[in-house]
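Quick notes on the structure that follows.
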Amino acid sequence: MTQRKLSDQEIQRREALEALRALGIDPYPPERWDVTHHAADIKARYRDEEADRWQTVSLAGRIMGKRLMGKAAFLELQDFSGRIQLYVRRDEVCPGEDKTLYNKVIKKLLDIGDIVGVRGSVFRTKTGEVSVRVQEFKLLAKALRPLPVVKEKDGKRFYDVRDPEFRYRQRYVDLIINPRSRWVFLQRTKLLRTIRDFLNERGYLEVETPILQPVYGGASARPFKTFHNALKMRLFLRIANELYLKRLIVGGFDAVYEFSRDFRNEGMDRFHNPEFTVMELYVAYKDYLWMAELMEEMVERVAVALHGRPTITYGEHTISFARPWKRVTFYGAIKEFTGEDVSGLSEEALRARAKAWGLEVDETMGKGRLLDEIFGEKVEPHLIDPTFVMDYPVELSPLAKRHRDNPALTERFEVICAGKEIINAFSELNDPLDQRRRFEEQMGLRAKGDEEAMVIDEDFLRALEYGMPPTAGVGLGIDRLTMLMTDAHSIQDVILFPHMRPEQGLYTALADHDDEDTEAAGEPPSEG
RNA sequence: GAUCCCGUAGCUCAGCUGGUAGAGCAUUGGACUUUUAAUCCAAGGGCCCUGGGUUCGAGUCCCAGCGGGAUCACCA
């Protein structure tokens, strides 16, 4: 691999590295640096009257700004919690004759982005800024690349990195310089923890199920394929974990859940990443009506945990997750927004209706897909506050139990919020013979050219034949919920490392590997 | 996959109807012991995404490609 051409600033930093070594300073020292305080806590808790209690604090973090003034300097130190100003006086950090540490190391060789440890006392400057007066200063790690320098005044940011490509590819830089980005991912973690706590309080069991699956199922989507060399078999990355969690219900676990990273081989846009996270939960002896109440309670708690109240702002909208949420039925909602009752229409009549509304339809679309299309176009965009859409047609829901009052419907709901689906739940189909018929219908659609129709899973049917208790199941889109909760408008803003095309020239070392792998694996048997 | 927009210094951006590149921050040298978008003086820094084409001459115009964004399609 050819050596990357270094910029002038990178060359200067490498020279600084050598200069430090020449002074006997290890730019990457091995010893630990014990931190006693964090920037934000100091700023929040310091009181002038109690200054004597703040005589020795120890911090570590990254230098984000330098204001040098002869024999004194102000530095901005950023740690995980935030930023604090450091005040360094030459004669305090260098009490003896040797002023090298100040004159050379701090003034010349210290760069923005370097990681340092400091010890000193907290005080307030005459302009009122709580700061740390540094007595001891140690370089903990030298940065060889210059960081984009963002200036800030009165909350306004200058020279901010706007290029989304930069922010997504080099998320580590984004996290350093962009407090909002840090906040989003802290919120995401908090969201996950709130849900996990909520489920654990109820005694539900967190489990792990296969990502590599011989048959993909549990959703309608095209999968990623891969190949296992030792077993010489094709495998799929899961598009859902539903069928495995239900096997566990068969096995006698009453309630299981998993935060499932799922993979779908589809297009990417601001609502879709090829890998995404769904929380799926299955509870035995419950039905979808029970599940609806559980989800209301859970998501309301998430909103309160993240915002202190159930109301959030998303773009133009103010959205309330306060219980109870509005409920509509699938056909009722279509009627509400189009004025027409499509519940009795045949496939041909539906197709004609959809065409008349200007929707794109084709002959491979069965009744289910047609209804889905109509609903997605005519209803979904209008639902802003979280809304339960109840009782989906059976054609759309091959894994859901038929409705107790109407066999053409299923006991299924979705929750739509800000025009997007965030939750999908049903009373799970546990009739093995009906499940087999539904799979067969799906295979029929597949034969007609619907690439996303489900594939029959014989082992799953075998499990159902042993008997599965009546069960309520749900899937919650974690990425989308995070988007709502953080007012993010692209899924890439809530995924730490969103999928991107490879950067040119970055992964050249893998080129050979790919070739070998393809050869060793051979072409996986193609399927129809 | 389609359409539109974008790609210029480490970062944010200018660069007009074509005449071989500018600013601010960052960097380097100098001054400064309470600054905070620090200030003042001076300096360096460019495969203008890549490859073709038109032209005496291309950052600029045309074509193709690569990367990103937005919209659409598929999907959650």
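Residue numbers begin at 1 in each chain, while the letters A, B, ... track the order of the sequences. As the structure is a prediction and not an experimental result, all values here were calculated from the model.
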Taking atom [atom1] in both [N] and [M], what distance in whole Å separates the two?
| N | M | atom1 | answer |
| --- | --- | --- | --- |
| B/C32 | B/G46 | C1' | 33 Å |
| B/G59 | B/A14 | C1' | 12 Å |
| B/C63 | B/C56 | C1' | 22 Å |
| B/G22 | B/G44 | C1' | 15 Å |
| B/U50 | B/U8 | C1' | 15 Å |
| B/G52 | B/C13 | C1' | 29 Å |

Please work out if A/R270 contacts a base, only the sugar-phosphate, or nothing of the nucleic acid, heavy-atom cut-off 4.0 Å.
sugar-phosphate
Touch check for A/R169, heavy atoms < 4.0 angstrom, all strands: base, sugar-phosphate only, or nothing?
sugar-phosphate
Kindly say whether, by distance alone, the side chain of A/D269 makes a donor-acceptor pair under 3.5 Å with the base of B/C74?
yes
Under-3.5 Å donor-acceptor pair between A/E129 side chain and B/U34 base:
no
Within the structure, does a side-chain N or O atom of [X] lie under 4.0 Å from either OP1 or OP2 of [N]?
| X | N | value |
| --- | --- | --- |
| A/K107 | B/U33 | no |
| A/K126 | B/U34 | no |
| A/R67 | B/U35 | no |
| A/K108 | B/G29 | yes |
| A/R162 | B/C13 | yes |

With both distances kept under 3.5 Å, what pairs with B/U60, Watson-Crick or G-U wobble?
none
Whom does B/C25 pair with, Watson-Crick or G-U wobble, provided both distances fall under 3.5 Å?
B/G10
Do A/Q85 and A/R67 meet the criterion of a side-chain donor-acceptor pair at a distance under 3.5 Å?
yes
Counterpart residues, ring-ring contact (aromatic ring centres under 6.0 Å, His included), relative to A/H38 (two or more places apart)
none
Go through the structure and list residues passing ring-ring contact (aromatic ring centres under 6.0 Å, His included) with A/F413, not counting sequence neighbours.
A/F388
Assess A/R327 against A/W325: is NZ or CZ under 6.0 Å from the centre of the six-membered ring, and within 45 degrees of the ring's axis?
no
Residue A/E50 excluded, over 12 heavy atoms near CD under 6.0 Å
yes
A/S490 side-chain N/O to A/Q492 backbone N/O, donor-acceptor pair under 3.5 Å
yes
Please enumerate all protein N or O atoms sitting under 3.5 Å from an N or O of nucleotides 44-46 of chain B, with distances to 0.1 Å.
residue	atom	partner	partner atom	Å
B/G44	N2	A/D8	OD2	2.8

All side chain to side chain donor-acceptor pair (under 3.5 Å) counterparts of A/E347, not counting sequence neighbours
A/R351
Rounded distance in Å - CG (A/L68) to P (B/C32)
12 Å
Using the rule for Phe, Tyr, His and the six-membered ring of Trp, do A/F276 and B/A76 stack at under 5.5 Å and under 30°?
yes
Can you tell me which residue pairs pass the ring pair (Phe, Tyr, Trp, His ring centres under 6.0 Å) test with a partner in residues 60-106 of chain A, sequence neighbours excluded?
A/F74-A/Y87, A/Y87-A/F123
Give the residues of residues 88-103 of chain A touching RNA chain B, defined as any heavy atom closer than 4.0 Å, sorted by residue number.
A/R89, A/D91
